[in-house]
Amino acid sequence: MLWTRWLVLLLCWGATGSEQQADERGAVPAEVRSDSRRERSPPPVEPLDFGFVPAAVYNTHAYYEPGSMGILFHMVHAFLYMVQPNLFPKDLIVKVIQQNMGGIKIEEWRKPENVVLLLQWIQYESGFLICATFGVVFVVLIPIIAMCFCMCRCCDNCGGEMHQRQRKNADCHRGFYTASLIATTIFIIVGVLIALAANHNISSQVKSTRRLINTNMRDLKTFANNTPAQVDYLTAQYTTAKNKVLSDLDNIGPLLGGRIHIQLEKSVIPSLDTALRMAGAMRETKEALENVSSSLEVLQDGVGKLQASLSGERASLSNTLSDPACTNGAVSHTCNTIRSTLSQLGINADFSKVPDVNHALANVNTVLKTDLSNIVQKGYASFNDTPRLVKEQTKNIVAGTSVLKGMLDKIGAEITGFSKMFPVEASLANFTIFLNERHKAIESYYPQIDQMDFYRWIACVAVLCMVVLVLAFNILGLLCGNCGYDKQATPTTRGCLSNTGGNLLMAGVGFSFIFAWVLMAIVTTLFVVGGNVEKLICEPLANRQLFKIIDTPFLVHPEKRNFLPGMLFQNPNIDLTLGGMYRECYDNNGLYHALQLETMFNINSFLNRTVYNRDLAKVFDSVQVDLQGITLLEQAGRDNLINFANSGIGQIDYQAYLTEVNKGVTLIDLLSFCSDLEAQADQLPRGALENALRGHASSIRSIHREQVVPLEQAMSTLHQSIKQLQKTSNDLPVKVTNVLSAIDAAEYLITHNASHVVKQETKAYVQGLVGYFKQYTEWVKNSLTAEVAQCKPISNIVDSMEIVGCSFIIDSVNTFWFGLGGCCILLIPSIIFSVKLAKYYRRMDTEDVFEDSPYCDTLTRFPRASAPPSYSVW
């Protein structure tokens with residue numbers, strides 16, 4: 001385990017420990033309290049791209065698929081579950097280990113607690129004990145039964161008498177025994193094939209074991225060779241964070257100034273926007289006043305001319321209606337109607353009494369001589385110049401970048417020096433040499449392993465040949481007996497082939513008695529060993545229950561809590577378990593995280609002296625920004641706004657204008673008057689009067705087109721301008737006061753309260769710089785957890801051991817005794833059926849004969865165990 005210790009030292013440099021986490025947790029409440037006072041959260045720190053840690057590619061695939069042998073393995077597992085259905089006795093094993101830490105002593109088992117444990121263990125092993133007892137009884141009884149059987153046959157009993165009674169159902173019995181022996185033989189052959197397949201599987205998987213060993217060794221070498229490159233990559237990526245910090249310091253104006261600008265603009269920009277809108281309102285007011293003045297002149301002049309035109313047209317129309325033709329009774333009514341409407345031809349609106357706006361226009365022109373828009377734009381420019389102002393005020397920091405760069409380079413050198421404190425390359429070189437030597441040592445055992453496996457294979461085949469020998473006698477006996485059997489022959493006259501078949505069957509019986517107990521002894525031994533290994537080691541290893549036993553607190557010593565850290569680090573109080581380490585390595589996480597080295601090697605103090613040192617903090621804390629030089633609105637702009645409020649547009653009599661505008665130009669719509677006049681003319685007889693009235697209507701239309709329409713357009717312009725002026729002048733002093741108050745508030749914020757914003761954003765800026773280092777340390781921690789020194793080879797070694805020990809060997813051994821045990825059990829019915837069937841194939845010494853009785857008229861049959869008797873008359 002020496003390589004584990006130096007590897008622990010190698011990896012300890014790059015993780016953030018519990019103290020930094022505690023500092024961060026302690027800083028959280030303060031940050032939360034400060035966040036509650038902020039109007040917005042600071043922008044997130046720009047994420048850095050540290051690239052990807054050089055990954056190690058491992059070739060071992062610790063997975064085994066048994067193929068067709070899997071069916072046999074499942075059968076054996078099912079049989080073992082039937083024999084031993086109890087759950088894994090974790091608590092029982094733990095108690096046994098804890099109560100016998102000083103070694104197993106016979107006298108200790110007399111204690112009540114040990115007796116209880118023994119009884120519990122017997123209860124757990126009850127299935128194996130019953131089966132083992134059966135095997136032992138089999139081994140003991142078979143030789144005794146064989147001896148008794150031989151002695152019994154020597155006394156012409158147990159089928160030893162060479163005489164066969166003839167019965168009517170003899171053929172039925174012979175057929176039954178033949179079929180039964182054939183079925184038994186077939187089952188024995190299946191058992192032999194199962195055992196032979198298991199035997200061959202062990203030999204074939206021994207070669208696969210070499211592949212697993214080679215790939216695991218290669219993975220360990222890859223693990224050792226890639227770790228230094230990964231560590232060097234972690235240390236080299238400090239340059240990424242360092243360069244980003246230097247870049248942000250070089251661009252402190254745009255970055256920090258931009259932060260301050262964004263924070264202040266929510267109060268400054270709206271105030272400047274209102275001042276800029278007020279400058280636009282001044283220009284619009286001037287345009288509206290000019291429109292009112294020009295429209296008023298047009299209306300006053302046009303109304304006078306319209307009045308003269310309408311008066312002349314009214315007089316001319318009156319003269320026309322004075323024509324004698326209007327005295328005619330039929331026409332006079334129409335003329336009187338027209339004459340009654342002449343008074344409507346007149347002016348309605350009178351603009352001569354409306355006051356002008358020249359005074360207000362002159363005042364506004366005076367106000368506009370000062371370009372308020374330009375002044376406001378200067379305020380925008382002054383505020384937008386915050387980044388430059390920040391850059392100017394922090395030029396000492398930028399100028400001292402070389403000093404800061406030297407400090408950062410020193411930090412990087414310390415990090416690299418810390419990683420070089422341990423003899424990484426030399427240790428890894430030694431570890432690689434160690435692996436190569438171990439690999440060669442293992443390979444040197446391959447010939448011996450092959451030789452031992454060959455001997456094992458020969459031994460298993462020899463054991464199976466015992467069963468095959470019995471099978472050979474059974475099969476040959478069945479072939480000879482069935483082929484040589486003659487129904488017409490009597491037991492004493494059976495042929496040689498039939499007799500040979502019977503003798504072969506009895507030979508099979510003899511060899512069955514000779515080999516059965518030996519085979520059962522082998523089966524019982526392999527069953528007890530292999531079955532318990534499967535139930536107590538392989539199955540718990542597959543479902544990781546075995547790790548729970550090893551990880552049981554205080555298992556090996558009452559004062560040592562955990563076994564694994566006590567063995568690796570001589571500190572059994574670390575919460576490190578074998579199962580947890582296996583899971584981490586199985587997920588291909590880093591060895592640093594799998595061994596929980598953060599509890600052993602806390603580098604937080606090192607990080608505080610380097611990345612978070614006080615000298616670097618002083619440089620960052622020296623960032624100071626003063627915004628006193630920002631002016632949003634000059635005094636000329638303020639005076640301009642006040643003069644605009646006092647320009648007199650609020651004293652204009654807007655109601656007088658609106659009253660006249662709403663009256664209309666004429667008393668009546670001239671076009672309607674013309675239409676009515678033409679309708680009246682249509683009622684008159686054709687003649688000069690009609691034509692004269694139509695001429696007047698045409699003249700009035702011409703007056704409307706040429707004079708009334710321009711006046712209406714001027715009135716519309718006047719109305720719009722008056723409305724706009726009225727809207728602008730409404731509470732104008734209050735509006736100007738609000739604009740000035742907003743500007744004053746923004747300037748007060750900049751000159752007096754901006755220090756809080758500056759400190760806040762400066763702190764956020766510095767936190768961003770420190771955040772780059774935090775990203776680096778967090779990336780190092782995550783890389784150590786998941787990417788550096790990925791310990792998949794360790795879990796692969798455990799899985800490979802499970803595959804070799806359990807899947808390759810134990811499953812095959814259990815399958816071997818399973819098949820061989822079935823053969824042993826089936827030898828019993830094979831013996832019985834062979835003895836019974838041999839009676840029908842062997843040539844008997846005597847047979848049953850039937851004689852004719854001279855004392856009866858009918859034929860009387862007397863069975864005898866001899867040849868027919870002779871009489872004196874013969």
Side-chain angles (χ1 to χ4, degrees), residues 60-90 93 124-125 127-128 131-132 194-217 219 442 445-446 449-450 452-453 456-457 460 522-551 578-579 581-583 585-586 792-821:
T60 300
H61 299 285
Y63 176 75
Y64 173 61
E65 180 59 45
S68 58
M69 289 294 297
I71 300 175
L72 300 179
F73 293 164
H74 287 305
M75 290 173 57
V76 175
H77 292 165
F79 175 76
L80 289 177
Y81 177 78
M82 188 168 54
V83 173
Q84 177 57 284
N86 300 320
L87 297 177
F88 180 65
K90 172 180 173 294
I93 295 175
Y124 172 78
E125 291 283 343
F128 283 105
C131 293
I194 291 175
L196 187 62
N199 183 39
H200 177 72
N201 187 66
I202 295 177
S203 298
S204 62
Q205 296 305 334
V206 167
K207 299 179 177 61
S208 299
T209 303
R210 299 180 182 181
R211 176 185 58 81
L212 284 175
I213 293 175
N214 293 334
T215 56
N216 276 285
M217 285 295 180
D219 288 348
I442 293 174
Y445 287 106
Y446 285 164
I449 294 174
D450 291 339
M452 292 176 61
D453 180 69
R456 180 208 54 78
W457 186 85
C460 292
I522 296 174
V523 168
T524 302
T525 302
L526 295 179
F527 164 74
V528 173
V529 176
N532 279 284
V533 171
E534 171 67 26
K535 300 298 289 187
L536 295 177
I537 296 178
C538 292
E539 283 188 7
L541 187 60
N543 56 28
R544 311 310 172 205
Q545 290 289 328
L546 198 60
F547 291 155
K548 294 182 179 180
I549 292 180
I550 301 175
D551 295 334
L578 185 62
M581 177 183 173
Y582 173 82
R583 286 191 298 271
C585 291
Y586 185 83
K792 185 66 174 178
I794 296 177
S795 67
N796 284 340
I797 290 175
V798 176
D799 294 339
S800 299
M801 292 174 60
E802 178 190 354
I803 290 174
V804 173
C806 295
S807 299
F808 289 177
I809 298 177
I810 295 301
D811 282 345
S812 299
V813 168
N814 289 338
T815 304
F816 180 81
W817 64 250
F818 181 76
L820 186 61

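Everything numeric in this text was worked out from a predicted model, so none of it was measured. Values reported hereafter were calculated over all heavy atoms of this structure, with side chains retained and with hydrogens, waters and symmetry mates removed.
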Chi angles and distances behind the side-chain contact (heavy atoms from CB on, under 4.5 Å) call for Asp811, Val76: CA-CA 8 Å; Asp811 282 345; Val76 175; over 6 Å; no

Verdict with reasoning, Arg583 to Phe547, per side-chain contact (heavy atoms from CB on, under 4.5 Å): CA-CA 11 Å; Arg583 286 191 298 271; Phe547 291 155; over 6 Å; no

Audit row: Leu526, Phe818, side-chain contact (heavy atoms from CB on, under 4.5 Å) steps and yes/no: CA-CA 9 Å; Leu526 295 179; Phe818 181 76; over 6 Å; no

side-chain contact (heavy atoms from CB on, under 4.5 Å) between Val529 and Trp817, worked out: CA-CA 11 Å; Val529 176; Trp817 64 250; over 6 Å; no

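For Tyr586, the OH atom counts as loosely surrounded, since its 6.0 Å shell holds 12 or fewer non-hydrogen atoms of other residues, nucleotides or ligands. At most 12 heavy atoms of other shown residues, nucleotides or ligands fall within 6.0 angstrom of atom NE2 in His200. Environment of OH in Tyr81: sparse, with no more than 12 heavy atoms of neighbouring residues, nucleotides or ligands closer than 6.0 Å.
When all heavy atoms of Asn201 and Ser812 are compared, the closest pair comes out as ND2-OG, 2.7 Å. Contact detail for Ile810 and Gly530: the closest heavy-atom pair is CG2-O, 3.9 Å. Shortest non-hydrogen contact noted between Asn814 and Gly531 is OD1-N, 3.6 Å. For Ser800 against Asn216, the heavy-atom pair with the smallest separation is OG-ND2, 3.0 Å. Among all heavy-atom pairs drawn from Tyr64 and Gln205, the shortest one is OH-NE2, 3.4 Å. The nearest pair of heavy atoms linking Phe816 to Ala195 is CD1-O, 3.3 Å.
Using a 4.5 Å cut-off on side-chain heavy atoms (C-beta onward), Pro540 and Lys548 make no contact. Using a 4.5 Å cut-off on side-chain heavy atoms (C-beta onward), Glu802 and Asp799 make contact. The shortest side-chain heavy-atom distance between Phe88 and Lys535 does not fall under the 4.5 Å cut-off. No side-chain heavy atom of Gln545 sits less than 4.5 Å from a side-chain heavy atom of Leu87. Trp457 has its side chain within reach of Asn199: a pair of non-hydrogen atoms, C-beta onward, lies under 4.5 Å apart. Proximity of Lys792 to Thr60: side-chain heavy atoms (C-beta onward) are nowhere separated by under 4.5 Å. Residues Leu80 and Glu539 are not in side-chain contact: their nearest non-hydrogen atoms beyond the backbone lie 4.5 Å or more apart. In this structure the side chain of Leu536 never reaches within 4.5 angstrom of the side chain of Gln84, judged on heavy atoms.
Under the 3.5 Å distance criterion, with hydrogens and angles disregarded, no donor-acceptor pair is assigned to the side chains of Tyr446 and Arg210.
From Cys131, atom SG reaches atom CE of Met82 across 8.5 Å, with rounding to the nearest 0.5 Å. The OG atom of Ser68 sits 9.0 Å away from the CZ atom of Phe73 when rounded to the nearest 0.5 Å. A distance of 9.0 Å separates CG in Asn796 from NE2 in His61, rounded to the nearest 0.5 Å. Annotation: the span from Leu820 atom CG to Thr815 atom OG1 amounts to 12.5 Å, rounded to 0.5 Å. Taking CD1 of Ile71 as the start and NE2 of His74 as the end, the distance is 8.0 Å to the nearest 0.5 Å. In this structure, Leu541 CG and Ile803 CD1 are separated by 10.5 Å, a value rounded to the nearest 0.5 Å.
With hydrogens and angles ignored, the 3.5 Å screen pairs no side-chain donor or acceptor of Ser807 with any backbone N or O of Val804.
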